[in-house]
Amino acid sequence: MKQTKTVMLWATIPGLMLVAAVARAGDVEIKDVYLHQQGSSWQAQVTLLHADTGWEHYADAWRLVDANGKQLGNRVLYHPHVNEQPFTRSLNGIDIPAATDVIFVEAHDKQHGWSPQRVKIDLNTSSGERYHIRRE
């Protein structure tokens, strides 16, 4: 009997892993981030990809946070983009303290919340994986 329970447990683990992967499949994907600094103010343009299905499940926000999780800017998305994927939205007037070296862009959808996938931005480099920075 003990051997049967062990076999049943090992047979169940792949199924549970598949369920977990499918559950996270609807997360928002951040495709690209473009930051533009003018003086002490920043503008961000973020391109998202999400399988919006309508008002009950759509990408509804993105935000910039510092390394400590302090929110620096938040862009609310008020409607689904079912037929417009991927899509880009911007936010102006972002204050990023001068001593900040790293920020993150995070995305949110109405059903899954904040996606575990985020973009790390090193403000000391002009580009990196999924981001570009321009300064004036």
Side-chain angles (χ1 to χ4, degrees):
M1 184 69 168
K2 185 177 179 182
Q3 185 178 10
T4 304
K5 286 182 181 179
T6 303
V7 170
M8 288 174 48
L9 175 63
W10 284 108
T12 304
I13 290 173
L16 292 174
M17 291 171 58
L18 178 61
V19 168
V22 170
R24 297 311 302 186
D27 287 332
V28 184
E29 181 182 350
I30 302 167
K31 299 298 284 181
D32 191 48
V33 179
Y34 173 77
L35 294 174
H36 181 198
Q37 181 185 25
Q38 290 183 300
S40 63
S41 184
W42 291 80
Q43 177 194 44
Q45 295 178 355
V46 176
T47 301
L48 303 177
L49 178 65
H50 184 260
D52 288 8
T53 60
W55 291 100
E56 298 300 317
H57 188 201
Y58 69 95
D60 62 349
W62 58 261
R63 67 184 177 188
L64 288 86
V65 297
D66 68 13
N68 296 318
K70 179 183 175 193
Q71 184 172 288
L72 303 171
N74 185 52
R75 176 64 155 94
V76 176
L77 305 168
Y78 293 102
H79 61 86
H81 297 86
V82 176
N83 297 316
E84 182 188 355
Q85 293 291 329
F87 65 98
T88 303
R89 294 296 179 269
S90 62
L91 180 65
N92 297 316
I94 302 165
D95 180 30
I96 300 175
T100 305
D101 291 324
V102 174
I103 63 171
F104 297 89
V105 177
E106 302 175 333
H108 188 275
D109 79 67
K110 290 186 89 55
Q111 196 169 76
H112 299 105
W114 292 103
S115 174
Q117 180 257 11
R118 59 189 197 163
V119 174
K120 179 180 180 181
I121 298 173
D122 180 349
L123 294 172
N124 297 309
T125 63
S126 61
S127 65
E129 185 177 344
R130 292 181 284 151
Y131 76 87
H132 305 279
I133 298 173
R134 189 176 110 201
R135 291 182 162 86
E136 289 182 19

Is it the case that the side chains of Arg89 and His81 hold a donor-acceptor pair, with the cut-off being a distance below 3.5 Å and no angle test?
yes

I need the His57 NE2 to Gln111 CD distance, nearest 0.5 Å.
4.5 Å

Arg118 NZ/CZ over Trp62 ring centroid, <6.0 Å and within 45° of normal
no

Are any side-chain N or O atoms of Gln85 and backbone N or O atoms of His50, one a donor and one an acceptor, separated by less than 3.5 Å?
yes

Provide the closest heavy-atom pair for Leu48 versus Lys31 in the form atom of the first, atom of the second, distance.
C-CG, 4.4 Å

Donor-acceptor contact below 3.5 Å, side chain Ser115 vs main chain Gln117
yes

Between Arg63 and Arg75, is there a donor-acceptor pair closer than 3.5 Å when you use the side chain of the first and the backbone of the second?
no

Any side-chain heavy-atom pair of Glu106 and Leu64 under 4.5 Å:
no

Hey, quick one: are Val102 and Val65 part of the same hydrophobic cluster, counting side-chain heavy atoms closer than 4.5 Å, chains of contacts allowed?
yes

Judged by modelled atom types alone, do Gln45 and His36 share a side-chain donor-acceptor pair under 3.5 Å?
no

Is it true that atom CD of Glu84 has more than 12 heavy atoms of other residues, nucleotides or ligands lying nearer than 6.0 Å?
yes

Does a sphere of radius 6.0 Å around CD in Glu56 hold more than 12 heavy atoms from other residues, nucleotides or ligands, not counting ones at 6.0 Å or beyond?
no

For residues Gly93 and Ser41, report the shortest heavy-atom separation together with the two atoms involved.
CA-OG, 3.4 Å

Does Val105 share a hydrophobic cluster with Leu49, counting links as ILVMFWY side-chain heavy atoms below 4.5 Å and allowing steps through other members?
no

What is the distance from atom CZ of Arg134 to atom OG of Ser126, rounded to the nearest 0.5 Å?
12.5 Å

Identify the heavy atoms of Asn68 and Asp66 that sit nearest to each other, and give their distance.
N-OD1, 2.9 Å

Verify same cluster id: Trp114, Val46 (apolar side-chain graph, 4.5 Å)
no

Less than 4.5 Å apart, any side-chain heavy atom of His79 and any of Leu77?
no

Applying the 4.5 Å side-chain criterion to the ILVMFWY set and letting contacts propagate, would Leu35 and Phe87 be lumped into a single cluster?
yes

Reported CD1-to-CD1 distance for the pair Ile121 and Ile96, which is rounded to 0.5 angstrom
8.0 Å

Side chains of Tyr34 and Thr47: donor-acceptor distance under 3.5 Å anywhere?
no

Is Gln38 reaching over with its side chain to a backbone N or O of Ser40, donor-acceptor style, under 3.5 angstrom?
no

Separation of Lys110 NZ from Thr53 OG1 (nearest 0.5 Å)
11.5 Å

Taking everything shown except Asn124 itself, do over 12 heavy atoms lie less than 6.0 Å from its CG?
yes

How close do Tyr78 and Trp55 get, counting heavy atoms only, and between which atoms?
O-CZ3, 3.3 Å

With heavy-atom distances below 4.5 Å as the criterion, would you say the side chains of Pro116 and Asp27 are in contact?
yes

Linked, directly or transitively: Leu72 and Val33 (ILVMFWY side chains, under 4.5 Å):
yes

Hey, does Trp42 have a side-chain heavy atom less than 4.5 Å from the side chain of Leu123?
yes

Go through Ile30 and Arg130 one step at a time and tell me if the side chain to side chain contact (heavy atoms under 4.5 Å, CB included) criterion holds.
CA-CA 8 Å; Ile30 302 167; Arg130 292 181 284 151; 4.3 Å; yes

If you round to the nearest 0.5 Å, how far is CD1 of Ile94 from CD of Gln71?
10.5 Å

